[in-house]
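Structure record follows, encoded as structure tokens.
Residue numbers begin at 1 in each chain, while the letters A, B, ... track the order of the sequences.
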Amino acid sequence: MTNGIFFLCVFAAKTGRKGLSHSGAHDRFPSMEKMKRTHACGELSLSQTEKEVILNGWVHRLRDYGGITFINLRDRSGVVQAVVESDAPAALRERAASLKFEYCVAVRGTVRARPESMRNPEMKTGDLEVKVFDLEILSTCETLPFMIDGESEAKEDARLRYRYLDLRTSAMQDRIRLRHETAFAAREYLVGRGFYEIETPTFIRSTPEGARDFLVPSRVQPGKFYALPQSPQLYKQLLMVSGFERYFQIARCYRDEDSRGDRQPEFTQIDLEMSFVSREDVFEVTEGMMRHIFKKVMKSDLAVPFRRLPYDEAMSRYGSDKPDLRFGLELKDFGAPAAKSDFQVFKTVLAAKGLVKALVAPGCGEYSRKQITDLEETAKTYGAKGLAWMKVTKEGRLEGGVAKFFEKIAAEVVADLAAKPGDLLLFVADKPRTACVALGAVRTRLGADLKLAKPGDFLFAWIVDFPLFEYNEEEKRWDPAHHLFSMPQEKYLDMLESDPGSVKADLYDLVCNGVELASGSIRIHDPKLQARVFAVIGITMAEAERRFGFLLEAFKYGPPPHGGIGIGFDRFITLLVGVATIREVIAFPKNTVGASAMDDCPSSVDEKQLKDLRLMVIEEEK
RNA sequence: GGGGGUGUAGCGAAGCUGGUUUAUCGCGCCGGCCUGUCAAGCCGGAGAUCGCGGGUUCAAGCCCCGUCACUCCCGCCA
């Protein structure tokens, strides 16, 4: 009892509000019994004129004239203007005057057309208003840390600290709604195509491949740990062995790696797997789903099938395995002219089996030294030692940068690159991959600077024929390029052991506008072939048995040929909505160090909890 | 692990190469006025350890060093 009183006093002191201003809320118990809404704010129209309606929502904006008070009332559906006029009873006028931003209220009133001159064409419900004759304050709201839908947006820190308020803004409401609609459309389509939605565990065995696992300690078996799944990969393959034939899940995935704008420690995939299929079947279903989503959510027609681009071609022409194909600006091989030039740097690289790649920046001949240096920085970030350049003059001659080494073959260079007067020529010479990737980054940068991509366009493409393995320089061994269970293409089977680097797999990515949206493969279902792949990677059967024994065992019992794909749901929504980071489309995201400012996690835990788990925290030595 | 950017009232910003005393503006907040607004308006008011610590200087929001937080990128992310 004493405690209760003390608590109330503290509360009053803390809010710093005078009790009187809240009288409206306290002298009437805020019950929904008599004030349940009959309509949604944003859906009122003149067809309800003269009708009595009850609305529930939040005080979005407030304009108090003493005698007359305008309340912009907001709910999920939108905003409508409610008016408390001077002819209202004094108690109602007082209660209206006591309102503040974001009070949660119920109003009863009649819908009426606004006089012609007082209509607001900016508002969906701007032709009407609700004349209020009853107003209930359901709950009050303290001074806000930032305005909902204010003129200036709060910084992300503050938005995440008060995420529940940030989510009230129309921008966030729209994004989260679109996310929901997309998930629904995906389900609708996949269910229609015979897929079952099946959940898989979130506590699984740790299989230390790929990203770091998040671990969950077992209390019942001290010293042992579960891992959170990086994706439902193994389980969905097991579901194929089980004979479900078509599985999907909107699945949460966890990877303990450093965050980025497009990466969170936990994220969502539309994950699917199909039996008795080739990659074409996976493409067809994915394209169909994308088309369905665009129709339902974006109200637009998406052209299918998507373009196919082999990985090697993507790297060579665009310097990226996720190129933005909304613009050309392709990289060209400059090996032949470079070999004929007097430029020793290029010739040395060529002699070492490197590549010289060229990029024609149209109309950038006037770029300043500073602008070129900026481009060079971009190339260097991706491992290039430098960015060579020269300009094509109005007369079609080469000038500046490395031009002097190409004097003799100037005409050939210009013709070879199809360069025009006023263009800037850019070159990276390096190991093949570095040359492509670094100049590819310059291409991406130029595309943005020159605004070459039309916003609002969505250009999808399948990147196909990824290599099965990539060489790990540090460890001096072959690593799986994507994952361990991807199927090598049949025509490369003979060279699996003799020339692993040349083996292409039935591995594919779906890219759109320079974003990697999805990744998948046809899986190995033949234990013998799987064993060969393990051998190339250097995994002994004993080790494979230890890590994936359950999967290998399952594959002894008549596994169907199968394959699938996982679509990065957050990235997909980010793309549809056109925002910069996936945090903008996740209701409660983590920041770049994996923390949530709202609930302050991760956090320390009680000694007791640690003891139960027989865990000990070792302080870092300084 | 590495590189870049940012940090000034509750929120968003300004504060030029160090020097006008009480660090400015808009929103919000508090008080008052106001019967048709819709980013309402008008009058008055409160509110800032200039992220934190140290240093240089006669003088630091501004320069230097360190540190923390947030953010973007490289590495990493089968």
Side-chain angles (χ1 to χ4, degrees), chain A residues 16-18 21 60-73 79-88 93 97 100-102 114-115 117-123 125-126 129 131 142-162 165-166 207-213 230-231 233-234 253-265 267 374 377-383 437-438 441 445 466 468-470 472 474 479-486 505 507 516 519 521 533 537 539 547-548 566 568 580-581 583 591-593 595 597:
Chain A
R17 288 266 164 108
K18 293 185 189 81
S21 70
H60 190 60
R61 293 288 186 267
L62 207 51
R63 291 174 295 280
D64 183 3
Y65 279 74
I68 181 168
T69 302
F70 297 98
I71 305 158
N72 282 6
L73 190 65
V79 180
V80 71
Q81 174 167 286
V83 203
V84 177
E85 287 182 307
S86 50
D87 60 0
R93 290 210 316 270
K100 311 275 179 208
F101 290 128
E102 296 302 312
R114 295 199 204 175
S117 63
M118 294 158 198
R119 296 188 173 181
N120 183 352
E122 306 288 307
M123 264 172 100
T125 58
E129 63 190 6
K131 180 180 165 67
E142 291 197 8
T143 301
L144 294 159
F146 49 79
M147 285 292 286
I148 308 300
D149 282 337
E151 315 158 37
S152 54
E153 200 179 51
K155 267 187 291 216
E156 202 177 4
D157 271 16
R159 292 176 54 203
L160 292 180
R161 168 77 180 77
Y162 299 96
L165 293 179
D166 184 46
T207 53
E209 286 295 318
R212 232 169 265 121
D213 280 331
Q230 295 178 29
S231 81
Q233 186 60 39
L234 301 184
C253 308
Y254 308 87
R255 294 181 191 173
D256 187 6
E257 296 292 345
D258 290 355
S259 290
R260 284 292 164 74
D262 62 352
R263 263 162 35 191
Q264 286 267 302
F267 62 98
D374 280 355
E377 285 308 315
T378 301
K380 281 181 171 173
T381 303
Y382 288 82
V437 168
R445 170 77 192 277
F466 275 84
L468 185 58
F469 306 107
E470 59 190 25
N472 185 327
E474 280 173 31
D479 279 348
H482 271 63
H483 80 62
L484 231 36
F485 310 107
S486 297
L507 251 171
E516 180 195 319
S519 192
S521 68
V533 169
I537 295 164
I539 298 179
R547 289 193 196 168
F548 320 107
T581 83
R583 293 190 297 274
N591 70 10
T592 47
V593 287

When rounded to the nearest Å, what value does the distance between [atom1] atoms of [N] and [M] take?
N: C16(B); M: U22(B); atom1: C1'; result: 23 Å
N: C62(B); M: U17(B); atom1: P; result: 13 Å
N: C63(B); M: C25(B); atom1: P; result: 24 Å
N: C68(B); M: G44(B); atom1: C1'; result: 40 Å
N: G10(B); M: G66(B); atom1: C1'; result: 30 Å
N: C70(B); M: A14(B); atom1: P; result: 22 Å
N: U24(B); M: G19(B); atom1: P; result: 16 Å
N: G15(B); M: C33(B); atom1: C1'; result: 35 Å

Any side-chain heavy-atom pair of [X] and [Y] under 4.5 Å:
X: S152(A); Y: M147(A); answer: no
X: K155(A); Y: R161(A); answer: no
X: I71(A); Y: L62(A); answer: yes
X: E516(A); Y: D262(A); answer: no
X: F101(A); Y: R61(A); answer: yes
X: T207(A); Y: Q230(A); answer: no
X: R93(A); Y: V84(A); answer: yes
X: R63(A); Y: Q81(A); answer: yes

Which part of the nucleic acid, if any, lies within reach of [X] when heavy atoms closer than 4.0 Å are counted: base, sugar-phosphate only, or nothing?
X: R260(A); answer: base
X: G261(A); answer: sugar-phosphate
X: S486(A); answer: nothing
X: A597(A); answer: nothing
X: T581(A); answer: sugar-phosphate

(request) List the atom of D166(A), the atom of F146(A), and the distance in Å for their closest heavy-atom pair. (result) N-CZ, 3.9 Å
Strictly under 3.5 Å: I want the nitrogen or oxygen pairs between protein and nucleotides 2-4 of chain B, one per line.
none

Taking a pair as Watson-Crick or G-U wobble with both distances under 3.5 Å, which nucleotide is matched to [N]?
N: A23(B); result: none
N: G31(B); result: C43(B)
N: G75(B); result: none
N: G18(B); result: none
N: A69(B); result: U6(B)

(request) Before giving the answer on side-chain contact (heavy atoms from CB on, under 4.5 Å), spell out for M118(A) and E129(A) the whole-Å C-alpha distance, their side-chain angles and the decisive distance to 0.1 Å. (result) CA-CA 10 Å; M118(A) 294 158 198; E129(A) 63 190 6; over 6 Å; no
Just the rounded figure in Å: distance from [atom2] of [N] to [atom1] of [X].
X: D157(A); N: G5(B); atom1: CG; atom2: C1'; answer: 14 Å
X: R212(A); N: G1(B); atom1: CZ; atom2: P; answer: 10 Å
X: L165(A); N: G28(B); atom1: CG; atom2: C1'; answer: 14 Å
X: R445(A); N: C72(B); atom1: CZ; atom2: P; answer: 17 Å
X: E257(A); N: G1(B); atom1: CD; atom2: P; answer: 13 Å
X: E102(A); N: C29(B); atom1: CD; atom2: P; answer: 11 Å

(request) For F485(A), check ring pair (Phe, Tyr, Trp, His ring centres under 6.0 Å) against everything at least two apart and list the hits. (result) H483(A), F548(A)
(message) The side chain of D258(A) is closest to which nucleotide in this list: C77(B), G75(B), C74(B)?
(response) G75(B)
Show each protein N/O and nucleotides 11-14 of chain B N/O combination with a separation under 3.5 Å, one pair to a line.
unit_1	atom_1	unit_2	atom_2	d
C11(B)	O4'	P145(A)	O	2.9
G12(B)	OP1	K155(A)	N	2.7
G12(B)	O4'	S152(A)	OG	3.4

(message) Nearest heavy atom decides the nucleotide; on that basis, is R255(A) or D262(A) closer to the 5' end of RNA chain B?
(response) D262(A)
(request) Mind checking side chain to side chain donor-acceptor pair (under 3.5 Å) for R583(A) and listing every partner two or more places apart, or none if nothing turns up? (result) E156(A)
(message) I'd like to check the salt bridge (charged side-chain N to carboxylate O under 4.0 Å, His left out) partners of R212(A); sequence neighbours left out, ordered by chain and number.
(response) E257(A)
(message) What does the B/S/- profile of nucleotides 34-45 of chain B look like, 5' to 3', with a 4.0 Å heavy-atom cutoff to protein?
(response) BBBBBBB-----
(message) With a 3.5 Å distance limit and no angle check, can you tell me whether S519(A) reaches the backbone of G566(A) through a side-chain donor-acceptor pair?
(response) no
(message) Is there a side-chain contact between R583(A) and the phosphate of C72(B), meaning an N or O under 4.0 Å from OP1 or OP2?
(response) yes
